[in-house]
Amino acid sequence: MLGLIGGTGLGEALFGEDFGKSPKEHNVGTPFGRPSGPIRVVSWSGVDVAILARHGDGHVFPPSMVPYRANVFALKKLGVTHLLTSGAVGSLREEYRPRDLVIVDQIIDKTYRRVPTFFDEGMAVHAEFAQPYCAVLRERLAAVAAESAALKATETKVHGKGTYVCMEGPAFSTVAEANMHRAWGGDLVGMTAMPEGRLAREAEMCCALIAFPTDYDCWRPHAVSPGAASKQALLAEIIENVKAATESAIALLRAAIEDFGKKPLGACECQSALSLGIWTRRDRISPTAIEKYGPLVSKYLGGAKP
Ligand SMILES: [Zn+2]
């Protein structure tokens, strides 16, 4: 099953107005609390797609408070094996223009108020994360993007890679921070990629992130002159960019699902990410821990299956 985590209204944008009424709705409980909202499952182009709005219905969770662990665990419980995530970002480079799409390949994680792992008690688990996103999935997305008539029609440039700096927020960067992020090698800055991607790896899902720059972060002086009127103009421009970029991201997601339906995604090393990752000696792992982590560890330790 393919999981999608994205902005509010993603399901409607992908599948039309009736999305909220017809599809199967799952209210999934997890050892990490409730996910951001119900997960809706639709079958489309031969692919079962589970959709979750990251910030909840009505955008109620700020980036620091999104229940990332419950979200990814709930999707795992439903049987999601591949996860596509999307999110708006600021651009740290001239060449990553607002309205472009970026298939992110690297992360610099600056978050500090979120639990970055499922395994915070009962066992020590260390997942490989040198390549935070699935190379196979990223390649497929890039190939789909190159063929997409919808993206060609809007002349949307799709970058096959980019380094995303994930900051805690919720306020945006200072100029000094933006320049530091650039000096670090960041191309994009956002607030939601982490720990979502880490958790997907711990859940042994193939995961990719489609980021869409809506503006140049504050490092780049804006073209319009300072003052109240220009602030309004800037805001209006950002809103237009968000709209256009969201539409491009939707077009890419739609094309990707169709492509996955025609040529299913195969096995991948992401799906055995924990095979060497459980460092705790087996006789020291309690049945309670095995039960808690259930679908994350069942294939290695027994217990509940996803
Ligand atoms: Zn993979």
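We count ligands from 1, going down the list as the structure has it; atoms in each ligand are counted the same way. All values below were derived from every heavy atom in this structure, side-chain atoms included, with hydrogens, water molecules and symmetry-related copies excluded.
Under the rule for a salt bridge (Lys or Arg N to Asp or Glu O under 4.0 Å), the partners of K292 that lie at least two apart in sequence or sit in another chain are D120, E121. Residues satisfying the salt bridge (Lys or Arg N to Asp or Glu O under 4.0 Å) test with E196, not counting sequence neighbours, are R54.
For the residue pair K77/H26, the side-chain donor-acceptor check at 3.5 Å is not satisfied. Remark: the E202 side chain and the T117 side chain contain an N/O donor-acceptor pair separated by less than 3.5 Å.
The number of protein N/O/S atoms found under 2.8 Å from the Zn ion (ligand 1) is 4.
Checked against a 6.0 Å centroid threshold, the rings of F118 and Y293 do not count as neighbours.
Within the structure, salt bridge (Lys or Arg N to Asp or Glu O under 4.0 Å) pairs that include any residue of residues 158-184 comprise R114-E168 (at least two apart or interchain).
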